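Notes follow once the structure below has been shown.
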Amino acid sequence: MKSDHIDLSPFYKFAGEHVAIGIHAIDTKGKTILYNKKMREIEGFDFEELADRSLLEMFRFDQHESTLLKVLQSGTPVFNVKQTYWNRKGQEITTINDTYPVFEERKLIGAIELSRDVTTLEKVIYQPLKKYGEPITFSAITAVSKSMKKVIATAEKAAMAKLPVLLVGESGTGKELIAEAIHWAHTSERQMYTLYCHGTDGTLLVQLGEEIEQMGDGTIYCERIDLLPLPMQEQLLKMAEERSRGNTYFIASVGDDPVELIASHKLLKDLYYFFSSMTIKLDPLRHRKEDILPFVEDYFSRHRMMVGSVVHGLDKEVSALFHAYDWPGNLKELELLLDEITSLLTTQEVVTADMLPHHFKLKTDLKGAHQPEDFIVQSNTELLPLEDYLFEAEMYYLQKAMDLHGNNVTKAAAALGMSRQNLQYRLRKIKKNEAQT
């Protein structure tokens, strides 16, 4: 029998530290009081580094851009907010945040943020549309929308004309993919270098100059030039003008309307003029949802090729949910969701609603759906027949065990205390049941 006096704080502490969502809590003075393991992985800081410093000191955004500070000021929660920012170490961070005020006896005592990572922290080009083992070319980009076809057609013209290009679009829309496709259309023999403009380190452009000397002629992709301080933008402009007289080809990107960036003194007008010979705008995924299924199909094709899975598509319910969702993290968010789904696949050929992560269900019409993995009977939830419920629970548990042991039947069976033959029989039974339904 459960004791009414059990201390739950160790359980809450353990759950908070090991949950797969980043947690960051601050008090009313903006001081960090909770910073879990996942958030440390996302942002690259230790708790001790944040404890005695303000958020504005550690991260590159102003007070009005921080969702934590907004909620602290308003006392009102905000949901499903995409936030792209850069920490003191120069790393780009893009998250989808749910942020809540915290009250104690009706008094505001702080704010807490739950964050889902939708970008990598390594300084590499994120390639959600890349076919593995091949360079990114225009033919490798799986997009069918009119807007993306126009983007590709314009980018092909830019490559032929060898004009500087400015790519405009939200984080995760695939600007870096178009940049690389332009590079390969422009030349297949020269190198491509990406300049990440996320830091204020004065040696950034010095390093670029050294890289150019080493690589010789090639393509320079300047990612998010609007994030460089204006003096560094002036240095970049001078370098670009000098190098472009030779055979160095320049491409750049910004995250917002360049005219608005110039008006708000975030983009140097002359730098914009240099790149604006060809300006290409990439629409967010919410405005071109016809690109979702081709992307998913291409992802599953690559997954089958890489790991030998049998998954080939989404069922009608999941497809409808994907098209109804707004994807604030764009293609980055979609690929990370597919990564999460496929990490739990065993013998499934079609992705069904019960295979979607809980955090995604909360954002869709499935937010009130029954979760067999919860093993909790809700008073307002219609009960399943016991046999059906036990089967769903068994299916969930066996799939978790298989994932934990890398789909090794022998190891999973040993961990479950059953024979290898028995586990194989149960897995075949699950697959047969899914096929019938």
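Heads up: numbering here begins at 1 and tracks the sequence. Predicted model only: the values in this text are computed from it and were never measured.
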Less than 4.5 Å apart, any side-chain heavy atom of [X] and any of [Y]?
{"X": "Leu195", "Y": "Leu236", "result": "yes"}
{"X": "Phe322", "Y": "Leu337", "result": "yes"}
{"X": "Lys238", "Y": "Glu242", "result": "yes"}
{"X": "Ile141", "Y": "Ile178", "result": "yes"}
{"X": "Arg116", "Y": "Asp98", "result": "yes"}
{"X": "Lys157", "Y": "Met160", "result": "no"}
{"X": "Leu423", "Y": "Leu398", "result": "yes"}
{"X": "Leu345", "Y": "His303", "result": "yes"}

For this session: Please step through side-chain contact (heavy atoms from CB on, under 4.5 Å) for the pair Gln424 and Val409, ending with a clear verdict.
Result: CA-CA 7 Å; Gln424 286 179 320; Val409 177; 3.7 Å; yes
Looking at every non-hydrogen atom in both residues, tell me the closest pair between [X] and [Y] and how far apart they are.
{"X": "Pro101", "Y": "Val71", "value": "N-CG1, 3.3 Å"}
{"X": "Thr28", "Y": "Leu108", "value": "CG2-O, 3.4 Å"}
{"X": "Ile96", "Y": "Pro328", "value": "CD1-CG, 3.8 Å"}
{"X": "Val144", "Y": "Lys149", "value": "O-CE, 3.4 Å"}
{"X": "Ile225", "Y": "Gln233", "value": "O-NE2, 3.3 Å"}
{"X": "Leu356", "Y": "Val318", "value": "CD2-CG1, 4.1 Å"}

Exercise. Between Gln348 and Thr346, do the side chains contain an N or O donor and an N or O acceptor separated by less than 3.5 Å?
Worked result: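 Indeed, the side chains of Gln348 and Thr346 share at least one donor-acceptor pair under 3.5 Å.
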Problem set entry | Side-chain donor-acceptor contact under 3.5 Å, Glu113 with Thr67 |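 Present: a donor and an acceptor within the cut-off.
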May I ask you to decide if [Y]'s main-chain N or O and [X]'s side chain share a donor-acceptor pair within less than 3.5 Å?
{"X": "Asn36", "Y": "Ile21", "result": "yes"}
{"X": "His323", "Y": "Ser319", "result": "yes"}
{"X": "Ser145", "Y": "Met148", "result": "yes"}
{"X": "Asn330", "Y": "Leu285", "result": "yes"}
{"X": "Arg288", "Y": "Asp283", "result": "yes"}

Exercise. In terms of the angle between their ring planes, are Phe360 and Trp327 parallel, tilted or perpendicular, with boundaries placed at 30° and 60°?
Worked result: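 Plane angle under 30°, so parallel.
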Exercise. Where does the angle between the aromatic ring planes of Phe295 and Tyr299 fall among parallel (under 30°), tilted (30 to 60°) and perpendicular (over 60°)?
Worked result: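 Tilted: the ring planes of Phe295 and Tyr299 meet at 30° to 60°.
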With rounding to the nearest 0.5 angstrom, report the [atom1] to [atom2] distance, [X] to [Y].
{"X": "Ser115", "Y": "His24", "atom1": "OG", "atom2": "NE2", "result": "9.0 Å"}
{"X": "Leu166", "Y": "Ser277", "atom1": "CG", "atom2": "OG", "result": "10.0 Å"}
{"X": "Thr154", "Y": "Lys281", "atom1": "OG1", "atom2": "NZ", "result": "13.0 Å"}
{"X": "Arg302", "Y": "Thr142", "atom1": "CZ", "atom2": "OG1", "result": "7.5 Å"}
{"X": "Ser171", "Y": "Leu331", "atom1": "OG", "atom2": "CG", "result": "10.5 Å"}

For this session: Report the C-alpha separation of Leu268 and Leu228 in whole Å, then their side-chain angles, then the decisive distance to 0.1 Å, and conclude whether the side-chain contact (heavy atoms from CB on, under 4.5 Å) test is met.
Result: CA-CA 10 Å; Leu268 189 68; Leu228 283 176; over 6 Å; no
Exercise. Which is it for Glu170 and Arg286 under the salt bridge (Lys or Arg N to Asp or Glu O under 4.0 Å) test, yes or no, and what are the steps along the way?
Worked result: CA-CA 11 Å; Glu170 297 178 4; Arg286 61 184 174 274; 2.5 Å; yes
Exercise. Is the distance between the ring centroids of Tyr221 and Tyr249 under 6.0 Å?
Worked result: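 Aromatic pair excluded; centres sit 6.0 Å or further apart.
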For this session: Determine the sole option in Val254, Ile251, Leu167, Ile280 for which the side chain to side chain contact (heavy atoms under 4.5 Å, CB included) test with Lys175 is passed.
Result: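 The option that passes is Leu167.
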Problem set entry | Lys289 vs Asp326, salt bridge (Lys or Arg N to Asp or Glu O under 4.0 Å): CA-CA, chis, key distance, verdict | CA-CA 9 Å; Lys289 291 186 177 181; Asp326 274 346; 3.5 Å; yes
Problem set entry | Criterion side-chain contact (heavy atoms from CB on, under 4.5 Å) on Ile26 and Lys31, from CA distance to verdict | CA-CA 5 Å; Ile26 59 175; Lys31 179 181 177 182; over 6 Å; no
For this session: Decide yes or no on salt bridge (Lys or Arg N to Asp or Glu O under 4.0 Å) for Arg224 and Glu176, but give the supporting numbers first.
Result: CA-CA 10 Å; Arg224 294 299 301 271; Glu176 66 277 12; over 6 Å; no
